[in-house]
Every structure is written in C-alpha cells, then in structure tokens.
Amino acid sequence: MHTLTPPSCFSGASTHRLSLPGPIQAVKLKPVAVTRVRAGSMEPGRNNAVTSVEKATNIRWHDCPIRNIDRQNLLQQKGCVIWITGLSGSGKSTLACALSRELHYRGHLTYVLDGDNLRHGLNRDLSFKAEDRAENIRRVGEVAKLFADAGVICIASLISPYRKDRDACRSLVPQSTFIEVFMDFPLEICEARDPKGLYKLARTGKIKGFTGIDDPYEPPLNCEIVLQPENGKCPSPQTMAEQVVSYLQQNGFLHS
Ligand SMILES: Nc1ncnc2c1ncn2[C@@H]1O[C@H](COP(=O)(O)OS(=O)(=O)O)[C@@H](OP(=O)(O)O)[C@H]1O
Ligand SMILES: Nc1ncnc2c1ncn2[C@@H]1O[C@H](COP(=O)(O)OP(=O)(O)O)[C@@H](O)[C@H]1O
C-alpha cells in the first residue's frame, strides 16, 4: 500500500482506486494543505506567464493546482539554479558532479545540466559561434527554470562566456534563486589540464573560436560565489562543493 498526498482538487481523506496495469491497487490518500493562487499567476512576483512567445498567438497559460511551494514542501528544499561558469578545463563538470553527489547524500534532489552533454541532444544543432552559444544558454536557462520550478536543485555547468546570456538566464527565475558560481581559474591552469586535448588543437589552429584562445570569456562582475586557487593551489572538488552547500544552507535552500 502506497501513501500519496493528493492535490488540492481532492477533498478530504479517502481511499481512491488507481487504474494501474495488473491487480487493482488501493491507495490511501492523506489530505495536505495546498497553496492557492490567483488564476493566471504562476509565481508571485515575477517572471510568470509570458515568456518566449513572440511567434505564437492565441495561446494561454494554464495553471496547475499543485504549485512550486507544494513541491518544495514535499522535497524539503527550495528549487534553484546553480549556474557554474568558467573556461573549458576550469572544473565545471567536476564541481557539478561533486556538488550533486554531496547534496544527494544529504537527501536532496538535484539534476545536472552539463553543456557538453546537452550538446549531444537538445543542443546538437548548435555551433560555437556567438549567436549559437547564446541560443545554447537560452535553452539551458529555460530548462533550468523548469527544474527549479519543480523544486529541484538544478546545477547547470556551461562555459557560458557572455555576461548578457548568463544575466538573461538569471532574469528567468525568482530573485535569489539563481546562484552564479565562477570557476576563477587562470587559462594557464585550464590549458595545462587540457583533458580533451582541445587547447592543443586550438593553439595549432585546428579548432577556431575556442574560448580563452581566440574567442572571448567575460568573467562575472557580481556573482554569488567565486572559486579560486588558494595559495597557488586549486581546492579539491569536495572542498568547493562544500562551499556551495554552505551557501545553500545559509540562504535557506535546504530545509532539512
Ligand atoms: N570552440 C569551442 N569553445 C569552447 N568549447 C568548445 C569549443 N569546441 C568544443 N568545445 C567543447 O564544448 C564544451 C562547451 O560547451 P558549452 O555548451 O558549455 O559552451 S558554451 O556555453 O555554449 O560556450 C567544452 O566543454 P568543457 O571543456 O567541459 O567546458 C568543450 O569540450
Ligand atoms: N579541483 C580540481 N583539482 C584538480 N583537478 C581538477 C579539479 N577539478 C577538475 N579537475 C580536473 O581538471 C580537468 C577538467 O575538469 P572538468 O570538470 O572537465 O572541467 P570543465 O567542465 O570546466 O571543462 C579534469 O581532468 C578534472 O579531473
């Protein structure tokens, strides 16, 4: 027997039958307080119903009775976007994975959106020219917004070299739920690592427009977390992950 919390459209405690394959299963439902909102609103305050609809007409936002706050209560965490930016080889993916693991072991739901990985699917049609990078980041920003709205701690790790593209993603989600993490490691460190041999190819002109070599990287001016070498040494991924976890704890993202 499973115990489920019903959406607000169910009234009171009762036993419902769900149609599932196999034997009929009785499911005991508990009543739960669900926040009600104005029709037509998605999040109080900002960024709500109308985004990216310039080309579509005659469309309407449809509200769901289960809302962000309900999902957050269920998950005992506040959904957010942790946006990790930095040069290739600066440790973005490594930090994303270390952070996801650390939070997972503490009982929190995370999901990693990694630039390299998404370019195998969702963003496979995009190159590395500036407008394609912008579109890459726009799409990932929109997906990250959905994860955060689902109550998930969404960790996006992309070079995201342009400030305006990162700021556009920031503006998609409620204030304070976009946490920009700058991997502030110098090119020399990243290039010395070169795990995929891409810097070598860029230096010999076999890759054109490689970030940090012949394409720009604009460091954040005002981000939430800056990770840097300490005494000339790069902190371990675990140490940096703990730094981000501390930020989440101090800012009320982890309820338990
Ligand atoms: N020209 C050029 N410039 C930068 N990076 C390049 C390029 N060509 C391929 N790669 C590989 O693509 C990975 C970066 O993808 P992103 O989606 O994060 O890039 S961006 O945010 O759109 O700039 C990046 O992965 P990371 O090394 O993990 O950062 C590279 O492996
Ligand atoms: N904190 C760290 N200390 C030492 N090496 C690291 C650290 N973080 C990442 N690395 C190594 O640096 C290389 C690049 O890391 P990666 O996470 O792939 O960077 P990015 O995603 O920014 O390209 C990998 O070989 C990785 O093992």
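Start at 1 and go down the list; that is how both ligands and their atoms are numbered. Heads up: numbering here begins at 1 and tracks the sequence.
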To check your reading of the model: name the closest protein heavy atom to [atom], its residue, and the distance in Å.
atom                    : value
atom 5 (N) of ligand 1  : Ile159 CD1, 3.5 Å
atom 28 (O) of ligand 1 : Lys196 NZ, 3.0 Å
atom 29 (O) of ligand 1 : Lys92 NZ, 2.8 Å
atom 12 (O) of ligand 2 : Arg193 CD, 3.1 Å
atom 19 (O) of ligand 2 : Gly91 N, 3.0 Å
atom 10 (N) of ligand 1 : Phe128 CZ, 3.4 Å
atom 23 (O) of ligand 2 : Gly89 N, 2.7 Å
atom 15 (O) of ligand 1 : Arg119 NE, 3.4 Å

Only heavy atoms of [X], strictly under 4.0 Å: list the atoms of ligand 1 that pass.
X      : result
Gly209 : 1 (N), 2 (C), 3 (N)
Ser160 : 20 (S), 21 (O), 23 (O)
Ser88  : 26 (P), 27 (O), 29 (O)
Thr211 : 3 (N), 4 (C)
Gly115 : 17 (O), 18 (O)

Inspect the contact between [Y] and [X] and indicate whether a charged nitrogen and a carboxylate oxygen are less than 4.0 angstrom apart.
X      : Y      : result
Glu191 : Arg203 : yes
Arg138 : Glu135 : yes
Asp114 : Arg119 : no
Glu224 : Arg170 : yes

Within-shell test, [X] vs ligand 2, heavy atom, strictly < 4.0 Å:
X      : answer
Ser157 : no
Leu87  : yes
Pro235 : yes
Met240 : yes
Gly86  : no

Heavy atom under 4.0 Å from ligand 1: found in [X]'s side chain, backbone, both, or neither?
X      : answer
Ile137 : side chain
Asn136 : side chain
Phe210 : both
Leu198 : side chain

Treating [X] as the side-chain partner and [Y] as the backbone partner, does any N or O pair qualify as donor plus acceptor under 3.5 Å?
X      : Y      : answer
Arg163 : Pro220 : no
Asp165 : Ile137 : no
Ser160 : Leu158 : yes
Asp149 : Lys145 : no
Asp194 : Tyr199 : yes
Ser246 : Glu242 : yes
Glu180 : Ile84  : no
Thr204 : Lys200 : yes
Asn251 : Tyr247 : yes

Can a non-hydrogen atom of Asp116 be found less than 4.0 Å from any atom of ligand 1? yes
Any donor-acceptor pair under 3.5 Å linking the side-chain atoms of [Y] with those of [X]?
X      : Y      : result
Ser127 : Arg133 : no
Tyr217 : Thr85  : yes
Gln77  : His108 : yes

Looking at Asp125, I'd like to know if its CG atom is crowded, meaning that more than 12 non-hydrogen atoms belonging to other residues, nucleotides or ligands lie closer than 6.0 Å. yes
Atom NE2 of His255: over 12 foreign heavy atoms under 6.0 Å: yes
Does an N or O from Pro161, backbone or side chain, lie closer than 3.5 Å to an N or O of ligand 1? no
Is the closest N or O pair between Ile207 and ligand 1 shorter than 3.5 Å? no
Against heavy atoms of Cys234, which atoms of ligand 2 measure under 4.0 Å? 1 (N), 2 (C), 3 (N)
Any idea which atoms of ligand 2 are less than 4.0 Å away from a heavy-atom of Ser88? 23 (O)
Taking the minimum heavy-atom distance to atom 24 (C) of ligand 2, which of Pro195, Ser90, Cys97, Ala241 ranks first? Pro195
Ranking Thr94, Asp114, Ile189, Thr239 by closest non-hydrogen atom to atom 8 (N) of ligand 2, top hit is Thr94
Heavy-atom contacts under 4.0 Å between Pro237 and ligand 2: side chain, backbone, both, or neither? both
Side chain, backbone, both or neither: Ser93 near ligand 2, heavy atoms under 4.0 Å: both
